[in-house]
Amino acid sequence: MPRELIYADNAATTKMSDVAFAKMLPFLQEQYGNASSQYSLAMKSKRAIEQAREQVAVGIGAERNNIIFTSGGSESNSWVLSSVPVLFGNKGTHIITSGIEHHSVLRACHALEQKGIDVTYLSVDRVGRVTLDNLKAAIRPDTKFVSLMLANNEIGTIQPIAEIGRYLRDKNILFHTDAVQAMGHIPVNVNELYVDFLAASAHKFNGAKGTGILYKRSGISVPQIVFGGEQEYGLRSGTENVAGIVAAGYALEENISDMRGTANRLVTFVQATIDGIRAKVPNICVNGDPENRLPGIVNIAFENSSGESLMHLLDLKGICVSTSSACTSGKDEPSHVLMALGLSEKQAKSAIRISYGKYNTMQEVESVIFAVCNAYDKIFRATSNL
Ligand SMILES: *Cc1c(COP(=O)(O)O)cnc(C)c1O
């Protein structure tokens with residue numbers, strides 16, 4: 001009998017919602033019109049895109065024409081960051097980000113440095129928080145732009161974006177947030193956050209892979225990224241991913257409608273996981289902010305263990321968790337996020353990230369706890385026999 005898979009890696013990607021899946025299907029078959037054509041088949045695609053744009057806009061307190069669809073969170077982040085030299089020039093431009101951003105932000109910043117832009121990477125405290133005071137101390141007369149993530153994908157820590165955004169708006173410094181992990185999981189409102197740009201990704205909130213969102217505040221421009229038929233307000237040409245866009249609208253709407261209930265369940269799952277593992281395995285260290293955190297993500301470091309080995313042993317039991325971020329796994333490097341928290345390389349390499357989503361059950365959580373404790377025991381016995 002094939003074992004049931006237990007998926008506890010929802011920070012890497014999520015299963016599609018049934019509703020979003022059903023709503024996207026017609027646009028792959030019966031309603032395949034190109035949204036730019038003039039007959040009624042095409043109009044259906046056009047209308048569906050605009051309806052999704054409205055759903056996303058309503059979801060984050062934006063106007064419909066502030067929403068641009070992209071191919072994913074990485075593209076949205078890269079697009080905003082690569083706009084910096086176009087908006088402000090290469091020389092005499094200083095920008096600020098943090099050391100725990102997603103690689104789509106960090107590597108875009110490295111590319112900007114190559115062009116002569118000055119970048120400050122803010123450090124974070126032991127729980128992964130950037131503070132307003134830290135940020136204030138880094139601001140210079142030539143600071144033009146700040147990019148900080150709303151919630152971290154490895155440890156779940158939520159940054160004080162609203163507080164920072166309000167300060168930056170007063171200073172006339174443009175502010176971008178990577179909200180990929182937050183969208184559809186915690187309330188996100190672009191006005192309350194005082195952000196000028198925001199990136200999100202549908203596959204992280206039960207939509208389809210390959211659809212991203214870029215929010216851009218009215219009156220603020222980004223340079224055109226794709227040339228052609230002038231789709232997406234002339235900024236990102238190319239025939240639209242109608243099905244993915246439609247799914248994004250419905251998936252976000254659905255997640256927002258039962259956000260509070262889902263979050264309450266996930267918090268219970270995470271607490272049970274911490275308590276259950278701690279009861280059997282001494283000296284675990286839970287990384288991230290115990291208070292300001294995403295409901296479903298927990299990152300745990302173990303004594304004298306290896307996250308890589310734990311992950312593989314769990315995989316043999318049909319349980320999907322992650323060592324740190326999916327993007328860095330496969331390389332034998334400790335997570336840049338855990339290192340920034342001040343963990344040793346050994347501690348950082350011992351950690352696993354368990355991330356629950358709305359389709360997980362308490363029964364699955366119990367299986368995860370049991371399997372993690374067993375796997376740790378195996379590793380521990382193997383190493384102490386040496
Ligand atoms: C997943 C993720 C991204 C990248 O999104 P894609 O749609 O997979 O390109 C960016 N930032 C964060 C915080 C993420 O978790």
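All ligand and atom numbering here is 1-based and tracks the order in the structure.
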Throw together a table of side-chain donor-acceptor distances under 3.5 angstrom for residues 88-95, partners on residues two or more places apart or in other chains.
unit_1, atom_1, unit_2, atom_2, d
Thr93, OG1, Phe88, O, 3.4
Thr93, OG1, Gly89, O, 2.7
His94, ND1, Thr143, OG1, 2.7
His94, NE2, Thr120, OG1, 2.6

Sequence neighbours excluded and cut-off under 3.5 Å, please list the side-chain donor-acceptor pairs for residues 280-290, or say none.
unit_1, atom_1, unit_2, atom_2, d
Asn283, ND2, Glu303, OE1, 3.1
Asn287, ND2, Asn299, OD1, 2.9
Asp289, OD1, Glu291, N, 2.9
Asp289, OD1, Asn292, N, 3.4
Asp289, OD2, Asn292, ND2, 3.3

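Distances between N or O atoms of Gly72 and those of ligand 1 include no value under 3.5 Å. Where the criterion is an N or O separation shorter than 3.5 Å, residue side chain and backbone included, Ser104 fails it with respect to ligand 1. Residue Asn153 places no N or O, backbone or side chain, under 3.5 Å from any N or O of ligand 1. In terms of polar-atom proximity, defined here as any N/O pair under 3.5 Å, Glu75 makes no such contact with ligand 1.
Counting only heavy atoms from C-beta outward, the side chains of Tyr215 and Val56 never approach each other to under 4.5 Å.
No path of Ile, Leu, Val, Met, Phe, Trp and Tyr side chains, each step under 4.5 Å between heavy atoms, connects Phe205 with Met24, placing them in separate hydrophobic clusters.
Annotation for ligand 1: atoms under 4.0 Å from non-hydrogen atoms of Lys204 are 1 (C), 2 (C), 3 (C), 14 (C), 15 (O). Those atoms of ligand 1 that come under 4.0 Å of a heavy atom in Ser201, given as number and element, are 6 (P), 7 (O).
Using the six-membered ring where Trp is involved, His176 and Phe145 have ring planes that are parallel, under 30° apart on the 30 and 60° scheme.
Residue Met149 touches ligand 1 through its side chain alone, judged by heavy-atom distances below 4.0 Å. Only the side chain of His203 comes within 4.0 Å of ligand 1, counting heavy atoms alone; its backbone N, CA, C and O stay farther away.
With His102, Glu101, Met183 as candidates, the residue nearest to atom 10 (C) of ligand 1 on a non-hydrogen basis is His102.
The one candidate from Asn77, Asn66, Thr70, Ile67 that meets the side-chain contact (heavy atoms from CB on, under 4.5 Å) condition with Leu214 is Thr70.
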Practice item. Step by step, work out the salt bridge (charged side-chain N to carboxylate O under 4.0 Å, His left out) result for Arg353 and Glu154. Key: CA-CA 7 Å; Arg353 175 190 69 189; Glu154 293 189 39; over 6 Å; no
